[in-house]
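Inspection log for the structure reproduced underneath, given as structure tokens.
Chain A is the first sequence line, chain B the second, and so forth, proteins listed ahead of strands; every chain is numbered from 1. Reckoned from all heavy atoms, side chains included, excluding hydrogens, waters and symmetry mates.
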Number of protein chains: 2
Amino acid sequence: MPQKLLAFHRHNHTHCVSSALAEAQELCNERGARLTPLRRQVLELIWQSHIPLGAYALMDQLAELTTRRVAPPTVYRALDFLLEQGLVHRIHGLNAFIGCPTPGEHHQSEFLLCRDCGVAKEIDSEELSQAIRIVAEADGFLVENNSVEVTGLCPNCRPKDDAPHERA
Amino acid sequence: MPQKLLAFHRHNHTHCVSSALAEAQELCNERGARLTPLRRQVLELIWQSHIPLGAYALMDQLAELTTRRVAPPTVYRALDFLLEQGLVHRIHGLNAFIGCPTPGEHHQSEFLLCRDCGVAKEIDSEELSQAIRIVAEADGFLVENNSVEVTGLCPNCRPKDDAPHERA
DNA sequence: ACCCATGTGTTACTATATAGCCTCACTATA
DNA sequence: TATAGTGAGGCTATATAGTAACACATGGGT
Ligand SMILES: [Zn+2]
Ligand SMILES: [Zn+2]
Ligand SMILES: [Zn+2]
Ligand SMILES: [Zn+2]
């Protein structure tokens, strides 16, 4: 299983980062898009964890790294580029951004968000997208884009109440 | 069919408003919650159409109606109350609020959003919620709340390309 | 050399949301 | 009746998120 789909489990995250960056570079090359140093750096910062990162947090980290002041437009422009290229997704409910583990393929923005540890896991379920399409079409609605943000507790943070039998 | 589920179709919207307000009052009575004049007025303003309304737009309208200055906390507190009572939903992708046509029942926040006319229609599909639960459970994720915002074109705004046969 | 397109720096600003404090009205006791 | 508690809402200020507009730089084509 690809590391990048293991957000909720212990995994070699260094591999997530390096493969995300490599894939991004490759995609941009194919498309003639320019993954500039700034854009790459922003992407790398977003991939530092599986927890969505806000634009201003990103800005601060960037400022520390470059030891220069970084203004909002700088980071928002980089984010816009990454969003256009499908390399990151925006999590509206958190005003934050998260790296896409499967860029390149057109897909929707569908996430499980743990309210305790903050980790976001992208879900890519044909059944789910299908269910949405069916509901929409029943209303004569033409779907262009969907955003699913499911909040709850990830396997690490949910109570282990499977066997609460008070065994002495 | 209840008026309030006809967002995309011509309907007697006055009835949406009056029944929403009546239902809200009833629910609040049952629960011992206080639907104060301000809260009622905010709810009524939100129900003025099926287009989600931003907090600041709401504020301005409220200020005009009362001919007094209205500060953000006033409207946000009313909105918080209405959200808690499940009388309105927040549309994160638009930073806006919309009346709930079926308050009382516990349900998720799932919407079709027309990017052209702006109308939002709440969808209440057990299949969709089910699909989400299944996907989440496959990851060991405990769902607490889900937010689905499907963007596209409503039946009125989508191109009528069903029979584009260029008949003279 | 020049032009042009694209990316980034910079300032200023708009938009959205919250913190904290005060007063008022209502209610529950003493 | 006094009085303390509670919750709603007015108010100022502030925090957080996102954008507009202009200046400058680079790099490629002519
Ligand atoms: Zn990882
Ligand atoms: Zn993705
Ligand atoms: Zn209506
Ligand atoms: Zn609802």
Side-chain angles (χ1 to χ4, degrees), chain A residues 24-25 28-29 31-46 51-85 87-98 118 147 149, chain B residues 24-25 28-29 31-46 51-85 87-98 118 147 149:
Chain A
Q25 186 63 64
C28 287
N29 288 346
R31 297 170 180 166
R34 295 175 52 194
L35 188 61
T36 64
L38 175 65
R39 290 165 174 175
R40 167 191 300 275
Q41 193 171 26
V42 167
L43 183 58
E44 185 167 5
L45 282 172
I46 288 177
I51 300 176
L53 189 59
Y56 278 70
L58 188 48
M59 239 181 66
D60 293 344
Q61 295 191 19
L62 211 48
E64 269 200 44
L65 286 177
T66 63
T67 65
R68 288 204 343 271
R69 189 171 164 270
V70 174
T74 299
V75 55
Y76 276 104
R77 282 186 296 228
L79 286 169
D80 287 344
F81 172 85
L82 296 171
L83 286 168
E84 273 167 27
Q85 299 298 322
L87 298 170
V88 308
H89 294 285
R90 172 184 229 121
I91 309 289
H92 281 106
L94 301 173
N95 290 330
F97 303 84
I98 187 76
S147 153
E149 298 178 8
Chain B
Q25 186 63 64
C28 288
N29 288 346
R31 297 171 180 166
R34 295 173 51 193
L35 187 61
T36 64
L38 174 66
R39 291 165 174 175
R40 169 191 300 276
Q41 193 170 26
V42 166
L43 182 59
E44 186 168 3
L45 282 171
I46 288 177
I51 300 176
L53 190 58
Y56 278 72
L58 190 45
M59 240 182 67
D60 292 344
Q61 295 191 20
L62 212 48
E64 268 199 44
L65 286 177
T66 63
T67 64
R68 287 205 343 270
R69 188 172 165 270
V70 175
T74 300
V75 54
Y76 277 103
R77 281 187 295 229
L79 287 169
D80 287 345
F81 172 84
L82 297 172
L83 287 168
E84 273 167 26
Q85 298 299 323
L87 298 170
V88 307
H89 294 285
R90 178 192 287 262
I91 309 289
H92 280 108
L94 301 173
N95 290 329
F97 303 83
I98 187 76
S147 153
E149 299 178 8

B:L62 has an atom CG; how far is it from atom C1' of D:dA8, in whole Å? 14 Å
N/O donor-acceptor pair under 3.5 Å between B:R39 side chain and B:R34 backbone: yes
What contact category does A:T74 fall into here, base, sugar-phosphate, or nothing, at under 4.0 angstrom with non-hydrogen atoms? base
Identify, between A:P37 and A:P73, the residue whose nearest nucleotide on DNA chain C lies closer to the 5' end. A:P37
d(CZ, B:R68; C1', D:dC11) in whole Å: 11 Å
Exercise: identify the closest heavy-atom pair between B:L94 and B:P52: CD1-CG, 4.0 Å
A:N95 vs D:dG18: side-chain N/O to OP1/OP2 distance below 4.0 Å: yes
Report the distance from atom NE2 of B:H92 to atom P of D:dA17, rounded to the nearest whole Å. 13 Å
For residues A:L79 and A:I46, determine if any side-chain heavy atom of one lies less than 4.5 Å from a side-chain heavy atom of the other. yes
When you measure only distances, ignoring hydrogens and angles, does the side chain of A:Y56 come within 3.5 Å of the base of D:dG18 through a donor and an acceptor? yes
Return the value, rounded to whole Å, for the distance between atom CD of B:Q85 and atom P of D:dA8. 10 Å
Kindly give the heavy-atom pair with the smallest separation between B:M59 and B:V70, and that separation in Å. CE-O, 3.2 Å
Value in whole Å for how far the C1' atom of D:dA17 lies from OH of B:Y76: 11 Å
Of the non-hydrogen atoms in B:L87 and B:C28, which two are nearest, and what is the gap between them? CD1-SG, 4.3 Å
Taking the nucleotide of DNA chain D with the nearest heavy atom to each, does B:A71 or B:R39 sit closer to the 5' end? B:R39
Identify the heavy atoms of A:L83 and A:V88 that sit nearest to each other, and give their distance. CD2-O, 3.4 Å
To the nearest angstrom, how far is A:R77 atom CZ from D:dG18 atom C1'? 13 Å
Atom CG of A:L79 and atom C1' of D:dT19: how far apart are they, to the nearest Å? 14 Å
Find the distance A:M59:CE to D:dG18:P and express it as a whole number of Å. 12 Å
What is the first contacted nucleotide of DNA chain C and what is the last, in 5' to 3' order, if contact means an atom lying under 4.0 angstrom from a heavy atom of chain A? C:dT6 to C:dT11
Check: B:L62 main-chain N/O paired with B:Q41 side-chain donor or acceptor under 3.5 Å: no
OP1 or OP2 of D:dT26 sitting under 4.0 Å from any side-chain N/O of A:R34? no
